[in-house]
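Here's the structure we're looking at; comments come further down.
So you know, we letter chains A, B, ... as the sequences are listed, proteins then strands, and number each from 1. Note: hydrogens, waters and symmetry copies are ignored here, and every other heavy atom, side chains too, is used.
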Amino acid sequence: MTEDTWTVAGRTFRSRLIVGTGKYKDFEQNAAAVEASGAEIVTVAVRRVNVSDPKAPMLTDYIDPRKITYLPNTAGCFTAEDAIRTLRLAREAGGWDLVKLEVLGEARTLYPNMVETIRACEVLANEGFHPMVYCVDDPIAAKQLEDAGAVAVMPLGAPIGSGLGIQNQVTIRLIVEGANVPVLVDAGVGTASDAAVGMELGCDGILMNTAIAEAKDPIRMARAMKLAVEAGREAYLAGRMGRRKYADPSSPLAGLI
Amino acid sequence: MSDPKSIILNGEQRRTSASTIAQLVRELDLLPEKVAVERNGEIVPRSTLETATLGADDRLEIVHFVGGGAITKP
């Protein structure tokens with residue numbers, strides 16, 4: 001059996017789970033969760049250095065950027081300009097151009113502003129970035145992002161941090177069917193079965209943060225997510241049975257005594 | 001080092017004698033290879049931090065990577 005991998009912007013990964021690095025109790029717990037999840041990519045934020053305490057522990061001391069791909073994201077940006085500026089700085093800080101773009105529309109729902117997102121995606125792609133893009137679960141918007149230079153589209157399963165699971169399997173499936181770039185569910189996963197559902201729909205991967213970080217035992221949940229993503233992927237590749245309206249016996253009826 | 005001058009660093013006023021941006025970064029006890037710098041709205045390429053001269057009233061942003069995910073709220 002050949003190894004099941006996925007490729008984004010020319011980089012190939014075995015793990016289909018991308019995890020965030022926010023909301024953890026401390027860096028030790030965060031690093032242990034990343035290890036347990038098997039993730040090869042983590043999302044990171046770009047922020048001002050703490051000038052008053054420059055020796056404060058840094059993420060890079062715990063999660064080695066030479067072993068784990070850092071995916072700088074623009075979480076917290078509400079305009080294309082802010083997102084572009086953030087990623088230009090990120091490229092300078094990290095030296096790589098694979099990035100996660102998200103431009104939020106409002107604080108209450110954290111829904112993406114697709115007009116600003118598409119505009120930012122175009123600018124970034126023209127500057128040589130490879131943007132993986134957080135978006136609404138809308139197959140048309142997903143195609144527009146692809147046209148704008150997105151190297152992956154990442155529709156939300158449910159609002160960021162809600163843990164509600166994939167609310168609209170139909171639209172996620174439509175995005176998968178229409179996409180020529182990897183599709184990853186980004187946001188909304190609450191527990192392992194949600195991640196499995198996303199993979200069974202044919203997504204290339206799942207991105208999550210809160211579902212692991214806010215679990216009672218984040219390290220155990222990280223392992224659960226790893227297994228769920230693998231199980232969902234296997235089920236997708238295996239091809240599920242058809243749905244029937246009525247029962248169908250598993251044992252032969254012939255020869256009954 | 002040069003005469004003390006006033007700059008705006010990450011939104012706050014600061015006085016420094018550093019003559020280059022790299023000197024300023026080290027003055028802050030930070031490693032130039034672990035941060036990214038924006039001056040007056042323009043990225044300063046890391047390869048030029050050692051030679052980029054620091055001017056009076058420059059507005060600098062010095063950033064690095066921190067934990068953050070799909071969920072980082074503003």
Pick whichever of Y62(A), Y70(A), Y134(A) has the most heavy-atom pairs under 4.5 Å with chain B. Y70(A)
Okay, A213(A) and chain B: the region with an atom under 4.5 Å from a heavy atom over there is neither
For Y24(A), which atoms come within 4.5 Å of any heavy atom of chain B: side chain, backbone, both, or neither? neither
Does anything in residues 53-62 of chain B get under 4.5 Å of chain A by heavy atoms, and if so which residues? E61(B), I62(B)
Check for a donor-acceptor pair, side chain of R46(B) on one end and backbone N or O of A93(A) on the other, with a separation under 3.5 Å. yes
Taking C-beta and beyond as the side chain, do E38(B) and E92(A) meet within less than 4.5 Å on heavy atoms? no
Side chains of V49(A) and V63(B): closer than 4.5 Å at any heavy-atom pair? no
Of all the heavy-atom pairs spanning A90(A) and F65(B), show the shortest one and how long it is. O-CZ, 3.5 Å
Tell me, for L28(B) versus chain A, whether the close heavy atoms (under 4.5 Å) come from the side chain, the backbone, both or neither. both
Tell me every residue that passes salt bridge (Lys or Arg N to Asp or Glu O under 4.0 Å) with [X], counting only those two or more places apart in sequence or in another chain.
{"X": "R88(A)", "answer": "E127(A)"}
{"X": "D204(A)", "answer": "none"}
{"X": "E106(A)", "answer": "R108(A)"}

If you count heavy atoms of other groups shown closer than 6.0 angstrom to CD of E33(B), is the number above 12? yes
